[in-house]
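Just below is one structure, and these are the notes that go with it.
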Amino acid sequence: MARPHRHPALLLNTPEIELWPATLCRAGVTATARRLALSRVVLRRKRDGRLLAAAGPDGLHPLLPELWREPGLEAAVAALDALAARDPAASPLLRGTLPLAGVQTDNAAIGLPDDYARSSGLPIHPEPRLLHAAGRDRWQRVLWLLAPTARAWQAMVAAARREAVALEALSGYRSHAHQRGIVERKLARGLPLAAVLRVNAAPGHSEHHSGRAIDIGTPGEPAAEESFAATPAFAWLQAHADDFGFRLSYPRGNPHGIAYEPWHWCWHPPAG
Ligand SMILES: [Zn+2]
């Protein structure tokens with residue numbers, strides 16, 4: 001059960017660095033854990049999840065040497081200041097989406113064809129500046145989603161539970177930097193780009209970047225396998241997900257050239 005929280009559980013997003021509530025971060029090192037306990041917000045590198053600095057009432061404390069060299073630090077500090085302002089909601093740093101700087105250049109560098117968005121039908125999804133914690137996933141990682149998606153997901157999980165159906169999140173919001181890491185690791189193992197793109201959208205083109213997509217599973221079932229389509233959880237989703245605004249993005253024979261993904265659902269705002 002989620003306990004009510006003194007500070008809202010928000011992720012504030014900047015191009016290279018995420019700002020997390022310190023209470024949601026885990027530290028492997030005792031000294032860092034002690035520092036986190038005294039802090040409200042933690043700066044986390046998006047590319048690899050490394051904790052960079054902790055912000056408490058007495059300022060910013062580096063969690064690694066040479067913090068000042070960290071790319072994107074200036075934008076993260078500006079966002080931190082916006083969060084501390086009297087009326088945070090008024091700041092443009094806390095609304096809308098991040099600019100798309102660099103996505104196409106970085107994708108050209110891994111050999112992605114120029115016409116990928118058109119030929120795949122997978123548009124670029126900018127990252128939201130603000131994400132809400134919607135509980136935990138199967139591996140007890142924080143599930144970050146766009147606010148209306150978070151509310152819809154929690155309502156849907158509760159409705160399923162009343163009918164004895166257990167829905168479990170496997171993955172929610174992912175950053176462009178995270179997706180790039182997944183793709184680059186597969187390429188480094190020698191997989192051809194075309195093979196990678198059959199199971200992973202190119203960085204910037206995954207619905208998970210929007211904060212509206214969730215990979216859904218059910219306890220005892222392997223994560224993200226086609227066998228999920230044979231479970232009572234999937235049958236329940238087929239009958240009820242639409243009532244909560246969730247739709248299957250990649251059904252069998254979808255026009256995106258993406259394998260059938262019975263686990264991948266995306267929230268769409270109500271029409272009209
Ligand atoms: Zn997915």
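Read the numbers this way: they start at 1 and go in the same order the structure lists the ligands and their atoms.
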I want to check something: taking the side chain as every heavy atom from C-beta on, are Arg129 and Leu94 in contact at a cut-off of under 4.5 Å? no

Glu261 near the Zn ion (ligand 1): N/O/S under 2.8 Å: no

Rounded to 10°, how big is the angle at the Zn ion (ligand 1) from His208 NE2 to His264 ND1? 100°

Is there a side-chain hydrogen bond (donor to acceptor under 3.5 Å, both in side chains) between Asp215 and His208? Walk through the geometry before answering. CA-CA 9 Å; Asp215 292 338; His208 287 281; 3.1 Å; yes

Which atom, counting only N, O or S, brings Asp215 closest to the Zn ion (ligand 1)? OD1

Assigning hydrophobic clusters by single linkage (Ile, Leu, Val, Met, Phe, Trp, Tyr; side-chain heavy-atom cutoff under 4.5 Å), is Leu52 placed with Leu36? no

Between Phe246 and Val165, is there a shared hydrophobic cluster once you connect ILVMFWY residues whose side-chain heavy atoms come closer than 4.5 Å? yes

